[in-house]
Each structure stands twice: as structure tokens, then as C-alpha cells.
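Below is one structure, written out as C-alpha cells; the observations come after it.
What you are looking at is a predicted structure, and each value in this text was computed from that prediction instead of being measured. Side chains included, hydrogens not; waters and symmetry mates left out as well; all remaining heavy atoms used.
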Amino acid sequence: MQLERLISILEMTAIAGRPVSVANLQKATGLPRPTCYRLVQTLTDHQLLDVEEPDSRFVIGERLIRLALLGKSDIDVRRATASTIKQAAIHLGEAAFLARLRNNHVEIIHVETPDDVTKSHIHPGLGNRPLHACSSAKAIAAHAEKELQAEILNGVLTQFTDHTHASPDTLAAEFAAIRACGYAQCNEEISLGIASVAAPVQFGTIGVAFSVGAVAHASHFDHENRKVVGEYLAKLAERVGSAIQLCNVTDI
């Protein structure tokens with residue numbers, strides 16, 4: 001009974017499509033006023049509802065929205081973003097990819113390649129990436145909650161090449177730089193001769209659960225080119241984020 005009442009309040013808030021008062025919710029659900037106030041407070045305490053000041057009206061909470069975004073299947077996310085990532089691959093002339101955070105790991109879930117088959121390109125592959133030495137992972141890790149960042153910095157920082165940032169202080173500084181410039185870089189940190197750039201896909205103040213990036217021969221992605229590509233991907237990430245939010249929008 002308690003769960004059904006909590007769900008009914010969430011449903012009424014979502015259906016309203018605008019900030020609603022407790023009085024509105026009480027009238028819509030038919031719950032006793034004291035019960036409705038208590039349940040709304042419970043949902044607010046757990047960030048499933050957020051209160052908008054100064055009117056004390058309520059909207060669906062960021063925690064619930066985050067859960068909905070994280071719960072979207074890889075198939076739905078790939079379907080929603082494939083065309084945008086394909087455009088990036090064609091524009092850059094290099095493979096472009098989408099990565100997502102899952103259970104404190106980051107994995108590449110989709111790759112698109114350029115149409116020009118006469119030119120070689122690097123395929124990044126699919127699956128998990130090291131959180132300290134890959135642009136796709138660092139773009140997400142730099143915006144992760146403090147607990148996850150601490151776990152990364154205090155964990156094993158494998159030295160894949162001489163270019164890998166395996167010092168906690170160096171990596172912490174890099175995370176700060178990523179947040180400042182809006183994109184992450186990997187310059188031969190995992191494999192010699194390979195470089196990549198990735199931008200975080202942000203959802204307002206909810207956080208970062210995805211990143212979009214590109215990979216190339218290090219000679220193609222030199223310092224200046226990585227900057228240009230990073231700024232391009234940062235703008236592309238906004239489109240990717242909108243596509244992800246709109247896929248199966250009725251599930252949110």
C-alpha cells in the first residue's frame with residue numbers, strides 16, 4: 001500500500017509536466033492531506049522529487065531522472081545516437097565512439113567509422129576501458145562522484161606506456177583540467193602511436209554517464225588537432241545527450 005501511494009504521487013507529478021503543489025497532488029491522488037505531505041517529504045528526502053523554491057512546488061527529482069537515463073538499454077541508446085556519431089566519423093575522417101558508465105566501469109558500446117574506405121583508420125574496439133588512461137573513461141571519471149574518483153586515484157594505476165598518467169596527483173590535476181576545458185585526451189597512454197579525444201555527455205546537474213569520442217593515429221591527433229577535435233566533440237555531446245534523453249522518453 002505504501003509503495004503504491006508513493007508511485008501514484010510520482011506518476012501524478014510526471015503527468016502534470018510542470019511544478020505542482022502538495023495540494024494539487026493530494027487532490028489528484030485522493031490521499032488524506034497528512035499522508036500526502038508525509039509521502040512527498042519521503043520522496044523529497046530520497047531525491048525522487050525536487051522542490052522548487054520559493055513556491056514549494058515539486059517536480060520529478062534528479063535521482064529518478066538519473067535512474068531512468070542509466071536504465072536505458074544499450075540497444076535504445078545506440079539506435080538514438082548512431083546517426084549523430086556517424087556524422088562525427090565522417091566529419092573527422094576517423095572512428096567515433098560512444099561510451100557509458102556501468103557499475104563503476106566505463107565501456108565503449110558503439111563505434112562508427114568513416115565512409116571513405118581508401119583511407120586507414122583506428123578502430124577502438126568495444127568493452128571496458130581503464131578509468132585512468134583512456135579519454136572515453138577519463139571524460140566520465142572527471143565528473144564522477146567523489147567516492148568513485150577516490151577509488152580510481154587510490155587504486156592500481158597501471159602504467160601501460162611511458163605516457164600513462166600513473167600518479168594520483170597528476171591524474172587528479174588532469175581530471176580538473178578536463179572539467180575546465182570540456183574534453184579528455186589520451187595521447188599514447190594505452191598503446192603507442194594511438195591517440196583519442198572524448199567529451200562528457202552531461203545531463204544538466206544530474207551528472208555524466210556517457211561520453212562521445214574519436215580515435216586516430218597519434219600523428220593525426222597532435223596537440224593542436226586534439227584541441228580542435230575536443231571542442232567539436234564537446235558541442236556534439238550536447239546533441240548526443242538530447243538524443244539519449246528523448247529515446248523511450250515515455251519511460252522517464
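- For the atom pair CZ of Arg5 and OG1 of Thr29, the computed distance is 9.0 Å after rounding to the nearest 0.5 Å.
- Rounded to the nearest 0.5 Å, atoms NZ (Lys86) and OG1 (Thr84) are 13.0 Å apart.
- By the criterion of side-chain heavy atoms lying less than 4.5 angstrom apart, applied directly or through intervening Ile, Leu, Val, Met, Phe, Trp or Tyr residues, Tyr232 is grouped together with Leu98 in one hydrophobic cluster.
- The two residues Ala88 and Ala96 come nearest to each other via the heavy atoms CB-CB, 4.1 Å.
- When atom types are taken as modelled, the side chain of Thr164 and the backbone of Ala166 share no donor-acceptor pair closer than 3.5 angstrom.
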**OP:** Please lay out, stage by stage, how Leu101 and Val208 fare under the test side-chain contact (heavy atoms from CB on, under 4.5 Å).
**Re:** CA-CA 8 Å; Leu101 177 67; Val208 174; over 6 Å; no
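- With a 4.5 Å cut-off on side-chain heavy atoms, Gln26 and Val40 do not count as touching.
- Atom CZ in Arg129 sits 4.0 Å away from atom CD1 in Ile108 (nearest 0.5 Å).
- With a 4.5 Å cut-off on side-chain heavy atoms, Ile109 and Arg102 count as touching.
- When all heavy atoms of Val22 and Phe58 are compared, the pair lying nearest together is CG2-CE1, 3.5 Å.
- Taking each heavy atom of Ala184 and Ala139 in turn, the nearest pair found is CB-N, 3.7 Å.
- Cluster annotation: Ile90 and Leu233 are assigned to distinct hydrophobic clusters (Ile/Leu/Val/Met/Phe/Trp/Tyr, side-chain heavy-atom contacts under 4.5 Å, transitive).
- Closest approach of Leu31 to Ser8, counting heavy atoms only: CD1-OG, 4.4 Å.
- Hydrophobic cluster membership differs between Leu153 and Val156, with clusters built from Ile, Leu, Val, Met, Phe, Trp and Tyr side chains linked at under 4.5 angstrom.
- Between Gln185 and the options Glu174, Lys138, Arg226, a side-chain hydrogen bond (donor to acceptor under 3.5 Å, both in side chains) holds for only Arg226.
- Residues Ala234 and Gly182 share a closest heavy-atom pair of CB-O, 4.0 Å.
- Rounded to the nearest 0.5 angstrom, Arg33 CZ and Arg38 CZ are separated by 15.0 Å.
- Between Val106 and Ser136, the shortest heavy-atom distance links the atoms CG1-O, 4.0 Å.
- Under the 4.5 Å side-chain heavy-atom criterion for ILVMFWY residues, no single connected hydrophobic cluster contains both Val59 and Val51.
- No path of Ile, Leu, Val, Met, Phe, Trp and Tyr side chains, each step under 4.5 Å between heavy atoms, connects Ile178 with Val215, placing them in separate hydrophobic clusters.
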Subject >> side-chain contact (heavy atoms from CB on, under 4.5 Å) assessment of Val229 paired with Phe221 >> reply: CA-CA 8 Å; Val229 172; Phe221 277 5; 3.8 Å; yes
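- Looking at Glu231 and Lys227, a side-chain N of the basic residue comes within less than 4.0 Å of a carboxylate O on the acidic one, giving a salt bridge.
- Of the possible polar contacts, none joining the Ser196 side chain to the Ala214 backbone as a donor-acceptor pair under 3.5 Å is found.
- With sequence neighbours excluded, the residues that form a side chain to side chain contact (heavy atoms under 4.5 Å, CB included) with Val20 are Thr13, Ala16, Arg18, Asn24, Leu25.
- At a threshold of 4.5 Å between non-hydrogen side-chain atoms, the residues Leu39 and Gln2 count as touching.
- Every residue meeting the ring pair (Phe, Tyr, Trp, His ring centres under 6.0 Å) condition with Phe160, not counting sequence neighbours, appears here in chain and number order: His132.
- Rounded to the nearest 0.5 Å, atoms CD (Glu147) and CD1 (Ile152) are 11.5 Å apart.
- With hydrogens and angles ignored, the 3.5 Å screen pairs no side-chain donor or acceptor of Glu94 with any backbone N or O of His121.
- Heavy atoms of other residues, nucleotides or ligands lying less than 6.0 angstrom from NE2 of His223 number 12 at most.
- Taking a 6.0 Å sphere around CG of Asp45, one finds it holds more than 12 heavy atoms contributed by other residues, nucleotides or ligands.
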**OP:** Step by step, work out the side-chain contact (heavy atoms from CB on, under 4.5 Å) result for Ile9 and Leu49.
**Re:** CA-CA 9 Å; Ile9 291 175; Leu49 286 181; 4.1 Å; yes
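- Atom OG in Ser167 sits 8.0 Å away from atom CG in Leu157 (nearest 0.5 Å).
- Looking at residues two or more places apart in sequence or on another chain, you find a ring pair (Phe, Tyr, Trp, His ring centres under 6.0 Å) between His220 and His217.
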**OP:** Please lay out, stage by stage, how Val77 and Phe210 fare under the test side-chain contact (heavy atoms from CB on, under 4.5 Å).
**Re:** CA-CA 10 Å; Val77 170; Phe210 297 87; 3.9 Å; yes
